[in-house]
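See below for the structure under consideration.
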Amino acid sequence: MGRADTHLHTEYSGYSNLGIMKFPESVTTPAQQVDKGIKNGMDVIAITDHDETRGAFEAQKYAKTIDGIDVIAGEEITTADGEIIGLFLTEKVPAGLPVEETADIVKEQGGLLIVPHPFSFHVFALREKMFDVDFDGFETINGGHPDKYTNRFARAVMDRYPGKWAETASSDAHSLYTSGTCWTEFEGTTAEEFRKAILNRTTKACGKPASVFSQVQWSMNVAFGGQKLLYKSLRGTIEYKEDDHLVEKIESINRLKKATGMVAATAYAIPPIPFLATTLSVYYLHRGAKKLIPEIPQRLEGIDEILRSKGKLR
């Protein structure tokens with residue numbers, strides 16, 4: 001059985017906001033994700049940066065110079081209704097469109113539609129809106145969701161309608177520390193054989209979410225990586241790459257903000273701050289999951305009604 005990790009991020013994923021703070025989604029290069037995929041024993045990976053395909057195409061080009069892995073060009077697309085992943089893309093899909101229009105664009109490219117973390121309560125997920133489009137599969141295990149609800153409910157939905165969609169598992173890794181924690185098993189070893197398995201609904205989701213410690217490592221990696229970029233920008237030695245939204249953001253701020261960002265990154269990386277921040281996040285996720293778990297039976301019945309109303313369930 002082949003292994004595929006088809007939800008990976010690189011430095012091309014830009015940045016996120018946390019209140020007044022802005023931080024990189026990832027500081028990992030496309031080549032590093034490819035090398036890590038080989039080390040993790042993956043036959044296939046997909047680079048799925050946020051609203052960008054440049055990193056995926058770079059990873060594909062790099063993978064052709066080595067043996068042992070296929071790279072799929074993908075994108076985690078921010079639609080007006082939530083996030084969706086397009087795989088086997090030939091060009092970037094614009095962000096901000098309704099999910100139905102986004103799905104049409106992906107399909108016009110001959111791509112596959114995968115719903116990431118479909119029932120997450122703490123990221124921009126499609127949730128029940130996903131049933132408005134004909135997607136190919138969804139993640140029943142997402143490596144970035146250690147809460148006890150998101151993956152559990154996704155698994156319950158998949159089991160309720162056997163054979164209706166392909167099940168996938170992906171690490172959703174934004175760093176090398178969390179890459180490879182989850183994967184999708186399929187018959188074969190190539191990207192095309194993975195595509196066939198998705199369309200035939202014969203895949204199997206494997207693995208488990210990344211550990212709390214590896215999440216701490218990722219956050220510190222982002223802090224130090226961002227600090228390094230800020231320093232290079234101050235010195236005028238930062239390397240600009242086309243469609244690198246993180247570098248574009250760094251270059252757009254003034255020198256005082258760059259210096260302040262460097263100080264903040266240093267402060268964050270000093271223990272116990274990163275451990276405290278991660279502990280508080282885990283506590284928040286635990287409380288949210290505990291509240292939602294009792295509602296699972298009722299929510300499943302609601303999905304029955306949605307599918308029945310759309311003629312997708314008899």
Side-chain angles (χ1 to χ4, degrees), residues 4-18 22-38 42 44-66 69-79 83-97 102 105-106 109 111 114 116-117 123-124 142-144 170-180 191 218-219 221-230 232-233 237-253 261 265:
D5 188 355
T6 52
H7 187 172
L8 296 166
H9 294 271
T10 76
E11 60 192 353
Y12 286 94
S13 274
Y15 61 94
S16 290
N17 296 322
L18 183 60
K22 294 179 174 61
F23 58 92
E25 284 282 345
S26 174
V27 292
T28 303
T29 68
Q32 287 174 328
Q33 282 290 24
V34 173
D35 290 339
K36 184 64 172 180
I38 294 173
M42 300 298 159
V44 176
I45 65 168
I47 303 299
T48 55
D49 286 316
H50 292 293
D51 305 318
E52 186 54 67
T53 52
R54 175 70 63 175
F57 296 138
E58 279 193 16
Q60 279 188 326
K61 184 177 180 180
Y62 173 72
K64 290 178 181 178
T65 67
I66 55 180
I69 197 165
D70 279 3
V71 176
I72 297 169
E75 179 184 353
E76 186 169 19
I77 310 154
T78 306
T79 78
E83 294 177 328
I84 196 163
I85 287 177
L87 297 178
F88 297 96
L89 300 180
T90 56
E91 59 185 41
K92 182 169 69 174
V93 179
L97 301 174
T102 303
I105 295 173
V106 171
Q109 296 186 35
I114 305 295
H117 42 67
V123 301
F124 191 33
N142 176 280
S170 306
S171 61
D172 195 359
H174 291 64
S175 77
L176 301 181
Y177 297 108
T178 54
S179 177
W218 164 58
S219 66
N221 174 247
V222 164
F224 284 127
Q227 183 185 58
K228 185 177 180 180
L229 290 172
L230 288 166
K232 287 183 175 182
S233 181
T237 59
I238 194 168
E239 180 184 0
Y240 176 77
K241 299 177 182 178
E242 186 179 358
D243 296 320
D244 191 331
H245 307 300
L246 176 58
V247 172
E248 289 174 358
K249 181 63 180 178
I250 289 174
E251 291 287 76
S252 73
I253 62 178

Rounded to the nearest 0.5 Å, how far apart are [atom1] of [X] and [atom2] of [Y]?
{"X": "Met42", "Y": "Asp5", "atom1": "CE", "atom2": "CG", "answer": "5.0 Å"}
{"X": "Ile114", "Y": "Glu76", "atom1": "CD1", "atom2": "CD", "answer": "12.0 Å"}
{"X": "Leu230", "Y": "Ile238", "atom1": "CG", "atom2": "CD1", "answer": "7.5 Å"}
{"X": "His174", "Y": "Thr10", "atom1": "NE2", "atom2": "OG1", "answer": "10.0 Å"}
{"X": "Arg54", "Y": "Ile47", "atom1": "CZ", "atom2": "CD1", "answer": "14.5 Å"}
{"X": "Leu176", "Y": "Asn221", "atom1": "CG", "atom2": "CG", "answer": "7.0 Å"}

Determine yes or no for a side-chain-to-main-chain donor-acceptor pair under 3.5 angstrom, with [X] supplying the side chain and [Y] the backbone.
{"X": "Ser13", "Y": "Ser26", "value": "no"}
{"X": "Glu75", "Y": "Gly86", "value": "no"}
{"X": "Ser252", "Y": "Lys249", "value": "yes"}
{"X": "Asp51", "Y": "Ala95", "value": "no"}
{"X": "Asp49", "Y": "Glu52", "value": "no"}
{"X": "Thr29", "Y": "Gln32", "value": "yes"}

Next on the checklist: Could you go through Val93 and Thr53, starting from their C-alpha distance and side-chain angles, then the distance that decides it, and tell me whether this counts as side-chain contact (heavy atoms from CB on, under 4.5 Å)?
Outcome noted: CA-CA 8 Å; Val93 179; Thr53 52; over 6 Å; no
Next on the checklist: Between Ile84 and Thr78, is the side-chain contact (heavy atoms from CB on, under 4.5 Å) condition met? List the steps.
Outcome noted: CA-CA 7 Å; Ile84 196 163; Thr78 306; over 6 Å; no
Identify the heavy atoms of [X] and [Y] that sit nearest to each other, and give their distance.
{"X": "Gly226", "Y": "Val27", "result": "N-CG1, 4.0 Å"}
{"X": "Ala56", "Y": "Ala73", "result": "CB-CA, 3.7 Å"}
{"X": "Gly55", "Y": "Pro30", "result": "O-CB, 3.5 Å"}
{"X": "Ser171", "Y": "Ser179", "result": "OG-CA, 3.9 Å"}
{"X": "Gln33", "Y": "Thr28", "result": "CG-CG2, 3.7 Å"}
{"X": "Phe124", "Y": "Thr79", "result": "CE2-O, 3.2 Å"}

Checklist outcome for this item: From the list His245, Glu58, His50, Glu242, side-chain hydrogen bond (donor to acceptor under 3.5 Å, both in side chains) partner of Tyr12 resolves to Glu58
Indicate yes or no: at least one non-hydrogen side-chain atom of [X] is less than 4.5 angstrom from one of [Y].
{"X": "Glu11", "Y": "Pro24", "value": "no"}
{"X": "Ile72", "Y": "Leu89", "value": "no"}
{"X": "Asn142", "Y": "Ser170", "value": "no"}
{"X": "Thr6", "Y": "Ile45", "value": "no"}
{"X": "Ile85", "Y": "Pro116", "value": "yes"}

Checklist entry - Relative to the ring of His117, is the ring of His7 parallel (under 30°), tilted (30 to 60°) or perpendicular (over 60°)? => result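 Correct class here is tilted.
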Next on the checklist: If only side-chain N and O atoms count, and only distance matters, is there a donor-acceptor pair under 3.5 Å linking Asp172 with His9?
Outcome noted: yes
